[in-house]
Every structure is written in C-alpha cells, then in structure tokens.
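Naming convention: chains lettered A, B, ... in sequence-line order (proteins, then strands); numbering from 1 in each chain. If you're wondering where the values come from, they're calculated on a predicted model, not measured in any experiment.
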Amino acid sequence: MRIATWNVNGLRARLEFLVLWLRERRPDLVGLQELKLTEEQFPHSLLETEGYRAVVHGQKAWNGVAILSRHPVTVTQKGLPGQEEFGARLITADAGGLSFTTIYCPNGKDVGHPDFPRKLAWLETLATHLRGLHRQDRAAVVCGDFNICPAPIDSWNEGLLRGTIFHTAEERARFAAIVEGGLLDLFRRFHPEARSFSWWDYRAGAFPRNQGLRLDLLLATPDIAERLRSVEIDRDYRKKKDDRIPSDHAPVFADL
DNA sequence: ATGTCGGATCATATCCGA
C-alpha cells in the first residue's frame, strides 16, 4: 500500500499536476492540503474517473484538506475541535484498514506575530486530540504540512534560521509532544541521516539552490512503521512540467 | 533583491497569505 501527503497550493491551479502524479505514482491513500476551495468546488467526478474517492473539508479561498483513496473511505472527523476559527485544517477517515488523518498546520508568519502563539495553541490542541484518537489502539497515519522544521537537519540553514519561524524551540517542543503520543516520522526513520527537503520558497531561486525545509511529514503508529518498505520525497514534482507551475511543496510517499 | 505564487475584489491592478 502506498500512502502520500502533498500540499498542492491551490487544487484548481494544480489539478493537471495532481492527475499526472496520481497516474504515475498510483498512491492508494493521499492527504492533500491547501486546496483553497469549498467542498462544492471539489472535482469529485474528475478524480473518480482517475479511480479515487475523496472526502473533503474545504473553505473559500484558503486552507482546505482532503483525503483521496482508491478504496472505500469513510470520514470520521472534519476540523480540529476547538480550533475551527483557524480554518479547515484537519480531516480524518477510515480507509485501507487504518485511521488516516491529514493536517495543515497554521503558518504562524513570524515569532512576533499574533499568529505565532495561536499556532502553538493549535499544535497543543492537535496533540491532545490525537492522544484521544490513538487511545483506540489501532493503526493510524497522521500526515500533512506541519509548518515546522522538526530538527536542525531538516533545514537548509539552521545556523541562519534558528529561532525564526519553523525553527523555534517552542514549535519543536509542540511537535515532540505530538510524536511522543505514539507516532513515528516515517521519512526520518527510513533515512536517519538524509538532508532532504519537501518545501522550497517560490522566491529567490530557492529550489535550484536547494534552499528548502522538510515540513511535510508522514507520521504513523509503530505497527505501520514495522510495515515500512520505502519513503521518498518526490522532488520531480516540485519541478516545472511543460508550462505547468508546480506547488511550492513536493509530495512525500511511503510504501507499506 | 522580500526576486513568486494562488485567490479575492470596491477586479483587468492591487491586496493578502504563504
């Protein structure tokens, strides 16, 4: 089974890219973030012709998450309870014999911005919510755009950026509390030393210079980590394809 | 070079968020 996460940065702008990727990689289960559309605008029928059912938690213009599945999928949660005012950023479904959650963490903007403490509170709420979810003691995946560099190795320049957004001790402590609830970072488990990134700013030639961050993660319970065969950051799909503009995030996928 | 995107609007140019 192939599971994946991808921040598409606007599904309507990325639809051709998404279809090409689905055809080439054939994932079974995909968490998508930053749809930037309402559920009514979601291209259900087009994706059905590609072999995918979808559950969607959307909103106008911003945020929005969805789960695509080649197999039957049942939504069990839309939205992070208590944090709804921060937008449509969480969805959970049962599919493929596991609980699959995808999240889009608030960006936080910078450490002095009012959104920064709100981001920390959102992460604390997520940790508490996931502990409740995982108390059911079943196979679970939590994936998405965490908007955190989990460790110095996950940044192109920790020395320059330490203490700035994505690189603070406060964010890393909230992230540690999430994984300490019983989740493993599949990419880091499979590639303990790799300096690989999943996001590169559109500006300043960041992608050709490989000035990126690893913000997009597949977390899973230990029973799933035991089944892990490979994990890959799909850097090819951060590249322009013909005249199509890529998302600023690459997909990440794992084979179980 | 804070150099680019996607989406919305008091729209065909400018803003906001990332």
Side-chain angles (χ1 to χ4, degrees), chain A residues 5-21 31-43 46 56-66 80 83-90 102-123 126 143-150 154-157 160-168 170-171 174-175 197-217 233-252:
Chain A
T5 184
W6 195 6
N7 178 325
V8 294
N9 188 23
L11 183 57
R12 284 168 289 182
R14 215 68 59 212
L15 199 51
E16 278 187 280
F17 237 106
L18 175 64
V19 167
L20 289 171
W21 179 75
L32 298 176
Q33 306 89 37
E34 270 205 275
L35 305 179
K36 297 185 176 180
L37 48 67
T38 62
E39 182 161 8
E40 292 68 33
Q41 296 172 305
F42 190 88
L46 179 99
V56 181
H57 184 39
Q59 67 179 85
K60 184 179 174 183
W62 310 114
N63 309 313
V65 287
L80 179 58
Q83 292 286 345
E84 292 87 353
E85 74 288 349
F86 230 143
R89 295 176 178 273
L90 179 146
T102 196
I103 65 108
Y104 173 46
C105 180
N107 175 292
K109 298 192 175 71
D110 67 68
V111 295
H113 193 282
D115 274 9
F116 184 68
R118 293 178 70 209
K119 174 185 191 175
L120 300 179
W122 190 92
L123 287 163
L126 178 65
C143 67
D145 175 1
F146 284 76
N147 269 324
I148 295 174
C149 243
D154 299 308
S155 174
W156 71 277
N157 195 337
L160 180 71
L161 298 171
R162 180 182 295 267
T164 67
I165 197 73
F166 312 141
H167 299 71
T168 67
E170 292 95 331
E171 291 162 292
R174 275 34 171 220
F175 178 73
F197 311 128
S198 66
W199 172 83
W200 297 261
D201 199 303
Y202 282 125
R203 296 167 291 189
F207 183 66
R209 295 171 193 209
N210 200 27
Q211 297 178 344
L213 305 174
R214 194 173 69 93
L215 307 178
D216 300 274
L217 309 176
I233 298 176
D234 209 349
R235 207 173 180 283
D236 271 1
Y237 278 83
R238 178 61 179 76
K239 299 173 183 170
K240 233 172 219 173
K241 265 198 189 307
D242 304 322
D243 283 334
R244 286 179 283 266
I245 295 163
S247 170
D248 47 355
H249 297 252
V252 184

Chemist: Atom CD of A:Gln59 and atom C1' of B:dG17: how far apart are they, to the nearest Å?
Modeler: 12 Å
Chemist: Using the side-chain heavy atoms of A:Asn107, tell me which of these nucleotides is nearest: B:dG17, B:dG3, B:dA18.
Modeler: B:dA18
Chemist: Could you give the CZ-to-C1' distance, from A:Arg203 to B:dT4, as a whole number of Å?
Modeler: 7 Å
Chemist: Looking at residues 206-215 of chain A, who's got a heavy atom less than 4.0 Å off DNA chain B?
Modeler: A:Arg209
Chemist: Looking across every strand, which nucleic acid part, if any, lies under 4.0 Å from A:Ala13 by heavy atom: base, sugar-phosphate, or nothing?
Modeler: sugar-phosphate
Chemist: CG/A:Asp234 to CG/A:Asp216 distance, rounded to the nearest 0.5 angstrom?
Modeler: 12.0 Å
Chemist: What parts of residues 234-248 of chain A reach DNA chain B, counting only heavy atoms under 4.0 Å away?
Modeler: A:Ile245
Chemist: Listed by chain and number, what are the side-chain contact (heavy atoms from CB on, under 4.5 Å) partners of A:Leu120, not counting sequence neighbours?
Modeler: A:Phe116, A:Glu170, A:Glu171, A:Arg174
Chemist: Listed by chain and number, what are the side-chain contact (heavy atoms from CB on, under 4.5 Å) partners of A:Gln83, not counting sequence neighbours?
Modeler: A:Leu80, A:Glu85, A:Phe86, A:Ala121, A:Trp122, A:Thr125
Chemist: Using the C1' atom in both, what is the distance from B:dT2 to B:dG17, to the nearest Å?
Modeler: 14 Å
Chemist: Counting side-chain heavy atoms from C-beta on, which of B:dA8, B:dA18, B:dG3 comes nearest to A:Arg12?
Modeler: B:dA8
Chemist: For every nucleotide of nucleotides 9-15 of chain B, 5' to 3': is a protein heavy atom under 4.0 Å from its base (B), only from its sugar-phosphate (S), or from neither (-)?
Modeler: S------
Chemist: Which heavy atom of A:Trp156 sits nearest a heavy atom of A:Asn210, and at what distance?
Modeler: CB-O, 3.8 Å
Chemist: With sequence neighbours left out, what residues match A:Asp242 under salt bridge (charged side-chain N to carboxylate O under 4.0 Å, His left out)?
Modeler: A:Arg244
Chemist: Distance check needed: B:dC5 P versus A:Arg14 CZ, whole Å only.
Modeler: 10 Å
Chemist: For A:His249 and A:Thr5: C-alpha separation, side-chain torsions, deciding distance, then whether side-chain contact (heavy atoms from CB on, under 4.5 Å) applies.
Modeler: CA-CA 10 Å; A:His249 297 252; A:Thr5 184; over 6 Å; no
Chemist: Write down the distance separating the C1' atoms in B:dT12 and B:dG7, rounded off to the nearest Å.
Modeler: 15 Å
Chemist: Nearest-Å distance, CH2 (A:Trp199) to P (B:dT4)?
Modeler: 14 Å
Chemist: For A:Tyr104, report the nucleic acid contact type (base, sugar-phosphate, nothing); a contact means any heavy atom under 4.0 Å.
Modeler: sugar-phosphate
Chemist: Checking ring-ring contact (aromatic ring centres under 6.0 Å, His included) against A:Phe207, which of A:Tyr202, A:Trp200, A:Trp199 comes through?
Modeler: A:Trp200
Chemist: Work out how far the C1' atom of B:dC10 is from that of B:dC16, and round it to whole angstrom.
Modeler: 16 Å
Chemist: Quote, to the nearest angstrom, the P distance that separates B:dG3 from B:dC15.
Modeler: 15 Å
Chemist: Over how many whole Å does the gap from A:His113 atom NE2 to B:dA18 atom C1' extend?
Modeler: 12 Å
Chemist: Using a cut-off of strictly less than 4.0 Å, decide whether A:Lys109 has a side-chain nitrogen or oxygen near OP1 or OP2 of B:dG17.
Modeler: no
Chemist: Could you walk me through whether A:Thr102 and A:Gln33 pass side-chain contact (heavy atoms from CB on, under 4.5 Å), step by step?
Modeler: CA-CA 8 Å; A:Thr102 196; A:Gln33 306 89 37; 2.7 Å; yes
Chemist: Quickly work out the A:Asn7 CG to B:dT4 P distance and round it to whole Å.
Modeler: 20 Å
Chemist: Rounded to the nearest 0.5 Å, what separates atom CG in A:Asn147 from atom OH in A:Tyr104?
Modeler: 5.5 Å
Chemist: Which is it for A:Asn107 and A:Phe166 under the side-chain contact (heavy atoms from CB on, under 4.5 Å) test, yes or no, and what are the steps along the way?
Modeler: CA-CA 8 Å; A:Asn107 175 292; A:Phe166 312 141; 3.8 Å; yes
Chemist: To the nearest 0.5 Å, what is the distance between CG (A:Leu123) and CZ (A:Phe175)?
Modeler: 9.5 Å
Chemist: Taking CG from A:Leu37 and C1' from B:dG6, how many angstroms apart are they, rounded to a whole number?
Modeler: 11 Å
Chemist: When the C1' atoms of B:dA1 and B:dG6 are considered, how many whole Å apart are they?
Modeler: 22 Å
Chemist: What is the distance from CD of A:Gln41 to C1' of B:dG6, rounded to the nearest Å?
Modeler: 13 Å
